[in-house]
Trainee: 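Input: one structure, supplied below.
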Amino acid sequence: MARRHALRTRIATAPSGADAAGLLAMPGRSAVALAATSEPSGLRERVEEVASNPFSGPITVPRRVALAGSGIEAYPFVLGGSTFGWTLGADQAADVLDRFAGIGGELIDTADSYAAGRSESIIGRWMAARGTRDRVRIITKVGRHPDHRGLAPETIKAAVDGSLARLGTDRIDLLCFHGDDPEVPLEESLGAVDALITAGKVRAIGASDFSPERLIEARVLAANGLPRFEVLTTRYNLMERRAFEGAPELVAHAQGLAVLPYFALANGFLGGAVRRRRDIRRDARGLRQARHLSRRGLRVLGVLDQLAFAHGVQPATIALAWLLARPTVAAPVASATRPEQVDALVAAASVPLQRSEIVELDRASA
């Protein structure tokens with residue numbers, strides 16, 4: 001039987017999560033000390049103490065990270081919006097978004113193809129109702145919407161205008177190409193984005209699931225004046241490592257790309273709820289989880305259980321902390337189906353794994 005885990009997080013020590021988020025948004029915030037950790041040299045410091053007020057003293061929060069040269073600096077966790085409008089209705093999604101913003105979350109990932117645009121619409125209505133547009137950063141992707149497939153210049157322009165309308169905003173903080181389009185010269189696609197950046201509709205760009213060769217081509221084009229990819233989103237987690245580790249990881253590191261791994265919890269499998277065949281739900285998500293229900297999968301869950309118990313957190317928190325220990329990973333992308341799950345996901349940034357713990361997870365998932 002799996003151990004029961006009690007979440008112990010260090011991010012809710014301010015009077016309220018919303019107050020802490022407001023404090024950290026102040027231009028003049030000053031870090032008074034980096035929290036001491038026992039992690040070995042080469043692993044990043046994960047938390048910092050910031051001044052709050054003379055009465056409550058400093059608070060401990062996850063350290064903010066910069067997404068390469070995108071101009072975005074935020075806590076190292078991205079809330080995935082792929083379930084919005086699909087398995088989660090608007091009200092359920094709003095509850096998750098409220099919890100995320102309430103504890104200081106800022107990065108929200110979506111795409112024009114998620115639920116045929118309904119994900120963007122739900123996020124847009126939530127931002128309008130809560131007045132949160134200037135507190136969060138929106139990452140969206142174009143190239144797979146039923147009405148705007150591919151990366152031809154006119155298609156990109158129409159797709160971005162559609163996303164802006166659904167999101168109810170005048171700019172996209174980070175626009176990603178949702179997969180490569182070999183039928184269109186990359187310089188034409190980047191040229192279209194250049195015009196959108198000049199118009200103020202897009203702030204920065206990234207690539208989703210681009211090959212190392214195309215990333216190298218894109219960097220050559222950027223050296224000649226076209227917009228530069230700052231971010232790479234890719235499928236990567238403890239159960240799915242081989243496709244990224246190797247040439248893609250080397251190129252991402254060499255180019256200084258901020259890697260945002262999606263499916264960071266392997267479709268929820270690394271949360272630990274599925275351990276037997278009878279635990280599998282009869283839906284698309286359940287079928288994806290079932291692929292990992294093997295000796296290797298159970299071995300990984302066993303190590304996650306042990307480390308989660310030792311740190312006083314949930315297994316999902318450790319799975320994301322392992323990703324954050326990778327040198328190229330800036331922030332993992334994961335979805336939540338209930339508000340209470342958000343705390344465990346955000347808490348990963350406050351869990352510094354020891355090198356021996358990372359090696360243990362590496363071996364279990366090899």
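No hydrogens, no waters, no symmetry mates; every other heavy atom, side chains included, goes into these values.
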Trainee: Would you check, one step at a time, whether the test side chain to side chain contact (heavy atoms under 4.5 Å, CB included) holds for Ile139 with Leu175?
Mentor: CA-CA 6 Å; Ile139 303 168; Leu175 178 73; over 6 Å; no
Trainee: Is there a path of hydrophobic side-chain contacts, each under 4.5 Å between heavy atoms of I, L, V, M, F, W or Y residues, that connects Ile205 with Ile216?
Mentor: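 As far as the 4.5 Å side-chain criterion goes, Ile216 and Ile205 are connected within one cluster.
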Trainee: Kindly state each residue pair satisfying salt bridge (Lys or Arg N to Asp or Glu O under 4.0 Å) with at least one member in residues 113-126, sequence neighbours excluded.
Mentor: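 Those involving residues 113-126 are Glu120-Arg166.
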Trainee: Hey, are the side chains of Leu260 and Leu67 touching, using non-hydrogen atoms and a 4.5 Å cut-off?
Mentor: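 Of all side-chain heavy-atom pairs linking Leu67 with Leu260, at least one is under 4.5 Å.
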Trainee: For residues Ala152 and Asp181, report the shortest heavy-atom separation together with the two atoms involved.
Mentor: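 Where Ala152 meets Asp181 most closely, the heavy atoms are N-OD2, 4.2 Å.
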Trainee: For the residue pair Phe100 and Val136, establish whether any side-chain heavy-atom pair is separated by less than 4.5 Å.
Mentor: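 Phe100 vs Val136: side chains apart.
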Trainee: Of Asp109, Ile122, Ile123, which is the lone residue that meets side chain to side chain contact (heavy atoms under 4.5 Å, CB included) with Tyr114?
Mentor: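 It is Asp109; the other options fail the test.
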Trainee: What pairs meet the side chain to side chain donor-acceptor pair (under 3.5 Å) rule with one or both residues in residues 194-205, with sequence neighbours excluded?
Mentor: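 Checked against side chain to side chain donor-acceptor pair (under 3.5 Å) - neighbours excluded - the pairs reaching residues 194-205 are Asp161-Lys201.
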Trainee: Output the distance between atom OH (Tyr236) and atom CG (Leu323), rounded to the nearest 0.5 Å.
Mentor: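 It is 6.5 Å, given to the nearest 0.5 Å.
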Trainee: Any idea which heavy atoms bring Thr233 and Cys176 closest together, and the distance?
Mentor: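 Looks like CG2-SG, 4.2 Å.
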Trainee: Side chains of Phe77 and Leu320, heavy atoms from C-beta outward: is any pair under 4.5 Å?
Mentor: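 Yes, their side chains come closer than 4.5 Å.
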Trainee: Above 12 or not: heavy atoms from other molecules or residues under 6.0 Å from CG of Asp91?
Mentor: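 Incorrect, the count does not exceed 12.
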Trainee: Quick one: does Asn267's side chain have a donor or acceptor within less than 3.5 Å of a partner on Phe263's backbone?
Mentor: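 Judged by distance alone, no pair lies under 3.5 Å.
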Trainee: Please determine whether side chain to side chain contact (heavy atoms under 4.5 Å, CB included) holds for the pair Met127 and Ile138, giving the CA-CA distance in whole Å, both sets of side-chain angles, and the decisive distance to 0.1 Å.
Mentor: CA-CA 10 Å; Met127 290 192 298; Ile138 299 298; 3.8 Å; yes
Trainee: In Å, rounded to the nearest 0.5 Å, how long is the span from CG of Leu167 to CH2 of Trp126?
Mentor: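 Nearest 0.5 Å value for the CG-CH2 distance: 12.0 Å.
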Trainee: Output all residues satisfying salt bridge (charged side-chain N to carboxylate O under 4.0 Å, His left out) with Arg214, sequence neighbours left out; order by chain, then residue number.
Mentor: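 Only Asp180, Glu217 meet the salt bridge (charged side-chain N to carboxylate O under 4.0 Å, His left out) criterion with Arg214.
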Trainee: With Ile318 as reference, evaluate Gln306, Glu357, His311 under the side chain to side chain contact (heavy atoms under 4.5 Å, CB included) test and give the passing residue.
Mentor: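 For Ile318, the side chain to side chain contact (heavy atoms under 4.5 Å, CB included) check succeeds only for His311.
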Trainee: In sequence, state the C-alpha distance, the side-chain angles, and the governing distance for Ser335 and Leu79, and then conclude on side chain to side chain contact (heavy atoms under 4.5 Å, CB included).
Mentor: CA-CA 6 Å; Ser335 302; Leu79 180 67; 5.8 Å; no
Trainee: Please check if the side chain of Ser113 supplies one atom and the backbone of Ala116 the other of a donor-acceptor pair under 3.5 Å.
Mentor: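 Not at all, since once roles are kept as given, no pair shorter than 3.5 Å links the two residues.
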Trainee: Any side-chain heavy atom of Val231 sitting closer than 4.5 Å to one from Leu257?
Mentor: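 Answer no - side chains too far apart.
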Trainee: Could you go step by step and tell me if Asn237 and Glu240 meet the side chain to side chain contact (heavy atoms under 4.5 Å, CB included) rule?
Mentor: CA-CA 5 Å; Asn237 56 64; Glu240 298 167 294; 2.7 Å; yes
Trainee: If you measure only the distance, is there a donor-acceptor pair under 3.5 Å linking the side chains of Thr110 and Ser119?
Mentor: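 On atom types as modelled, these side chains qualify, holding a pair under 3.5 Å.
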Trainee: If you measure from CZ on Arg133 to OG1 on Thr169, what distance do you get to the nearest 0.5 Å?
Mentor: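 That separation rounds to 3.5 Å.
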Trainee: With a 4.0 Å cut-off on N to O distance, would you call Arg235 and Asp209 a salt bridge?
Mentor: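 Salt bridge flag = no for Asp209 with Arg235.
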Trainee: Counting only heavy atoms not in Arg363 (residues, nucleotides, ligands), do more than 12 fall under 6.0 Å from its CZ?
Mentor: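 Atom CZ in Arg363 is not crowded, with 12 or fewer foreign heavy atoms closer than 6.0 Å.
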Trainee: What are the two closest non-hydrogen atoms of Arg296 and Ala366, and how far apart are they?
Mentor: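 Closest heavy-atom pair between Arg296 and Ala366: NE-O, 3.5 Å.
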Trainee: Given 3.5 Å as the limit, does a donor-acceptor pair link the side chain of Thr317 with the main chain of Ala344, or not?
Mentor: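 Between the backbone of Ala344 and the side chain of Thr317 there is a qualifying donor-acceptor contact (under 3.5 Å).
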Trainee: Keeping the roles fixed (side chain from Arg64, backbone from Glu73), state whether a donor-acceptor pair exists under 3.5 Å.
Mentor: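 Pair found, side chain donor or acceptor close to backbone of Glu73.
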Trainee: If I compare all heavy atoms of Ala364 with all of Val303, which pair ends up nearest, and what's the gap?
Mentor: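 Shortest heavy-atom contact: CB-CG2, 3.8 Å.
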Trainee: How would you list, by chain and number, every residue that makes a ring pair (Phe, Tyr, Trp, His ring centres under 6.0 Å) with His178, sequence neighbours excluded?
Mentor: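 Testing His178 for ring pair (Phe, Tyr, Trp, His ring centres under 6.0 Å), a comparison that skips the adjacent residues, returns none.
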Trainee: Is there a side-chain contact between Gln255 and Leu215, using heavy atoms and a 4.5 Å cut-off?
Mentor: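 Side-chain contact under 4.5 Å: yes.
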Trainee: Do Val184 and Leu226 sit in one hydrophobic cluster, given that two such residues count as connected whenever their side-chain heavy atoms are within less than 4.5 Å of each other, even indirectly?
Mentor: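 They do not share one cluster, since no chain of ILVMFWY contacts under 4.5 Å joins Val184 to Leu226.
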Trainee: Between atom CZ of Phe177 and atom OG of Ser208, what is the distance when rounded to the nearest 0.5 Å?
Mentor: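 Rounded to the nearest 0.5 Å, the CZ-OG separation comes out at 11.5 Å.
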Trainee: Does any pair with a residue in residues 200-223 pass ring-ring contact (aromatic ring centres under 6.0 Å, His included), and if so which ones, sequence neighbours excluded?
Mentor: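 Pairs touching residues 200-223 that pass the test: Phe210-Phe229.
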Trainee: Between Glu340 and Arg99 (salt bridge meaning N to carboxylate O under 4.0 Å), is one present in this structure?
Mentor: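 Result for this pair is no, no salt bridge flagged.
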Trainee: Kindly indicate whether the side chain of Arg241, heavy atoms from C-beta on, has any atom under 4.5 Å from the side chain of Asp362.
Mentor: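 Counting from C-beta outward, Arg241 and Asp362 do come under 4.5 Å.
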Trainee: Name all residues meeting the ring pair (Phe, Tyr, Trp, His ring centres under 6.0 Å) criterion together with Phe84; count only those two or more places apart in sequence or in a different chain, and write none if there are none.
Mentor: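 Checked Phe84 against ring pair (Phe, Tyr, Trp, His ring centres under 6.0 Å); zero matches.
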Trainee: How many angstroms lie between CG in Leu304 and CG in Leu238, if you round to the nearest 0.5 Å?
Mentor: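 Reported value, rounded in 0.5 Å steps: 6.0 Å.
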Trainee: Do Ser163 side-chain atoms and Asp112 backbone N/O form a donor-acceptor pair below 3.5 Å?
Mentor: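 Not confirmed, Ser163 side chain does not pair with Asp112 backbone.
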Trainee: Going by an N to O cut-off under 4.0 Å, is there a salt bridge joining Asp134 and Arg171?
Mentor: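 Between Arg171 and Asp134 there is a salt bridge, with a charged N closer than 4.0 Å to a carboxylate O.
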Trainee: For a 4.5 angstrom cut-off between non-hydrogen side-chain atoms, does Leu307 reach Trp322?
Mentor: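 Contact flag for Leu307/Trp322 side chains = no.
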Trainee: Testing the basics here: between Pro332 and Leu324, what is the closest heavy-atom pair and its distance to 0.1 Å?
Mentor: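 Closest heavy-atom pair between Pro332 and Leu324: CD-CD2, 3.7 Å.
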Trainee: How many angstroms lie between atom CD1 of Ile172 and atom NZ of Lys141, to the nearest 0.5 angstrom?
Mentor: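 The NZ atom of Lys141 is 11.0 Å from CD1 of Ile172, to the nearest 0.5 Å.
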Trainee: Within the structure provided, determine whether Val78 and Ile108 are in side-chain contact (heavy-atom separation under 4.5 Å).
Mentor: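 Sidechains of Ile108 and Val78: no contact.
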Trainee: Can you name the nearest heavy-atom pair linking Leu345 to Ala334, along with the distance?
Mentor: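 Heavy atoms of Leu345 and Ala334 come nearest at CD1-CB, 4.3 Å.
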Trainee: Between Thr337 and Gln341, is any side-chain donor less than 3.5 angstrom from a side-chain acceptor?
Mentor: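 Thr337 vs Gln341: donor-acceptor pair found between side chains.
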Trainee: In the single-linkage hydrophobic clustering (I, L, V, M, F, W, Y; side-chain heavy atoms under 4.5 Å), do Leu298 and Met239 co-cluster?
Mentor: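 Same cluster.
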Trainee: Sub-3.5 Å donor-acceptor pair from the side chain of Thr155 to the main-chain atoms of Leu151, do we have one?
Mentor: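 Checking the backbone N and O of Leu151 against the side chain of Thr155, no donor-acceptor pair under 3.5 Å is found.
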